[in-house]
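First the structure, in the form of structure tokens, and then the observations on it.
The structure presented is a predicted model; accordingly, all values stated were derived computationally and were not measured. Hydrogens, waters and symmetry mates play no part in the numbers below; they use all other heavy atoms, side chains included. Counting convention: from 1, in listed order, for ligands and their atoms alike. Positions are given from 1, in the same order as the sequence printed here.
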Amino acid sequence: MSAQTVVLLGPPGAGKGTQAAGLAAESHWPHISTGDILRAAVAAQSPLGLQANGFMERGEYVPDPLIIDLIKERMAAPDARGGVFLDGFPRTAPQAEMLDQLLADLGRQPAVAILVEVARAELIARLSGRLTCQSCQRIYQLTSQPPRHSGICDVCGGTLIQRTDDQPETVARRLAVYDEKTAPLIAFYEQGKRLTAVDGMGSQDQVAARLKEAIGWS
Ligand code: AP5
């Protein structure tokens, strides 16, 4: 795969953030997560964070104009020139169209998408036990990927927290919003012959190996 922009597509809990972090660590490409950027903005109580907070707490999408502005800025940064792994963006049709236009304007190749497919019951089980480091954003799972010491990040010693949107009612809403607004992007990338579907079930290492094959790294 020679594309410079790889979109990780998939429902909440599919492992997009986990896998994007691993792929970024093995390459010179940054992992750009709109969810992480928004959560940092909420924590900092910046104007973006104040506007996004209510939507995120309800499991709704943050309005496209806010997301488009933040992606334009992030994609123009020097470290994004070689290539990027996009996690959580695009997730609506206007965002996907904007990304194509932005890449054309920047003189970069069109994005390709990798769809990470995971059974719904597994998504819910994964999210119910997810912990995230407040400092470095490293992701854990109480059953499949527990930290060595309870509540403490193995990497940076930061505090592990449960995301407020991982409560069962909010997870149900997030899955419904994904079905309505993001699942149609599968057809968008399929039509352009830019989609590869990857089985996201199994261990993190098994999924990583499938992703690398899809990207052309193995
Ligand atoms: P965002 O942070 O993007 O959340 P999401 O898309 O719902 O995805 P998740 O982060 O929940 O899941 P993931 O697929 O990354 O899974 P993970 O690797 O963590 O967005 C949050 C909110 O921000 C949105 O609801 C919206 O409000 C807003 N937002 C963000 N982007 C937006 C946009 N573009 N437009 C509008 N609004 C936007 O893994 C999940 C768990 O499973 C972890 O515990 C992990 O350890 C575990 N795990 C991973 N892989 C495996 C495996 N193979 N086996 C077992 N466990 C595994």
Side-chain angles (χ1 to χ4, degrees), residues 7-24 31-43 48-49 51-72 74-75 85-96 98-99 114-119 121-133 137-147 153-154 160-167 170-183 185 198-211:
V7 171
L8 290 175
L9 206 56
K16 305 180 297 295
T18 301
Q19 295 297 336
L23 291 168
H31 164 203
I32 298 179
S33 159
T34 43
D36 284 349
I37 294 170
L38 290 167
R39 279 184 288 278
V42 170
L48 170 64
Q51 290 179 84
N53 192 24
F55 294 101
M56 296 174 77
E57 281 187 344
R58 292 192 298 276
E60 305 284 344
Y61 286 173
V62 173
D64 286 335
L66 295 177
I67 301 293
I68 286 170
D69 282 351
L70 83 80
I71 277 290
K72 275 188 181 161
R74 185 62 187 88
M75 291 288 287
F85 293 104
L86 290 177
D87 157 22
F89 175 89
R91 62 210 292 164
T92 64
Q95 291 181 17
M98 169 270 171
L99 177 62
I114 300 181
L115 172 65
V116 184
E117 296 181 304
V118 172
E122 171 73 5
L123 298 173
I124 293 166
R126 287 183 186 182
L127 292 176
S128 70
R130 171 166 56 187
L131 293 173
T132 307
C133 175
Q137 316 309 321
R138 165 95 180 208
I139 303 164
Y140 296 84
Q141 216 283 340
L142 282 171
T143 310
S144 64
Q145 188 79 32
C153 178
D154 295 350
L160 303 184
I161 53 161
Q162 190 184 28
R163 275 174 41 179
T164 52
D165 60 352
D166 277 348
Q167 301 301 324
T170 317
V171 167
R173 182 66 196 139
R174 287 164 58 205
L175 288 167
V177 173
Y178 171 84
D179 288 340
E180 183 195 341
K181 296 189 170 164
T182 304
L185 293 190
V198 163
D199 181 4
M201 298 290 283
S203 72
Q204 292 185 12
D205 286 348
Q206 287 170 325
V207 178
R210 293 177 202 132
L211 281 166

Close-contact set for ligand 1 against Glu60 heavy atoms, below 4.0 Å: 26 (C), 27 (O)
Backbone of Ala14 reached by a side-chain donor or acceptor of Arg126 within 3.5 Å: yes
Tyr178, portion touching ligand 1 at heavy-atom distance under 4.0 Å: neither
Ala20 heavy atom under 4.0 Å from ligand 1: no
Thr34 N/O under 3.5 Å from ligand 1 N/O: yes
Gly13 N/O under 3.5 Å from ligand 1 N/O: yes
Side chain, backbone, both or neither: the part of Pro12 lying under 4.0 Å from ligand 1 by heavy atom: both
Closest contact, heavy atoms only, Gly17 versus Asp87: CA-OD2, 3.2 Å
Partner of Met56 by side chain to side chain contact (heavy atoms under 4.5 Å, CB included), out of Asp165, Val62, Thr164: Val62
Atom 24 (C) of ligand 1: nearest protein contact (heavy atom, Å): Arg91 NH2, 3.9 Å
Arg163 heavy atom under 4.0 Å from ligand 1: yes
Nitrogen or oxygen of Val207 less than 3.5 angstrom from that of ligand 1: no
Enumerated ligand 1 atoms positioned under 4.0 Å from heavy atoms of Gln95: 33 (C), 34 (N), 35 (N), 36 (C)
Geometric N/O contact Leu127 with ligand 1, under 3.5 angstrom: no
Gly15, any N or O under 3.5 Å of ligand 1 N or O: yes
Structural part of Ser203 in contact with ligand 1, heavy atom criterion under 4.0 angstrom: backbone
Any N/O pair Glu122/ligand 1 closer than 3.5 Å: no
N/O donor-acceptor pair under 3.5 Å between Lys16 side chain and Gly10 backbone: yes
Ile67 contact mode with ligand 1 (heavy-atom cut-off under 4.0 Å): side chain
Any N or O of Arg174 closer than 3.5 Å to N or O of ligand 1: yes
Glu57 side chain to Asn53 backbone, donor-acceptor under 3.5 Å: no
Ligand 1 N/O within reach of Ile139 N/O, cut-off under 3.5 Å: no
Polar side-chain atom of Arg58 near backbone of Gly54 as donor-acceptor pair, under 3.5 Å: yes
Contact (N/O only, under 3.5 Å) between Gly17 and ligand 1: yes
Main-chain N/O of Lys181 paired to Thr92 side chain as donor or acceptor, under 3.5 Å: no
N or O contact, Arg39 vs ligand 1, cut-off under 3.5 Å: yes
salt_bridge(Arg39, Asp36) N-O dist < 4.0 Å: yes
Location of contacts on Leu38 toward ligand 1, heavy atoms closer than 4.0 Å: side chain
Location of contacts on Pro11 toward ligand 1, heavy atoms closer than 4.0 Å: backbone
Interfacing atoms of ligand 1 (cut-off 4.0 Å, heavy-atom, Gln204): 46 (O), 48 (N), 49 (C), 50 (N), 51 (C), 52 (C), 53 (N), 57 (C)
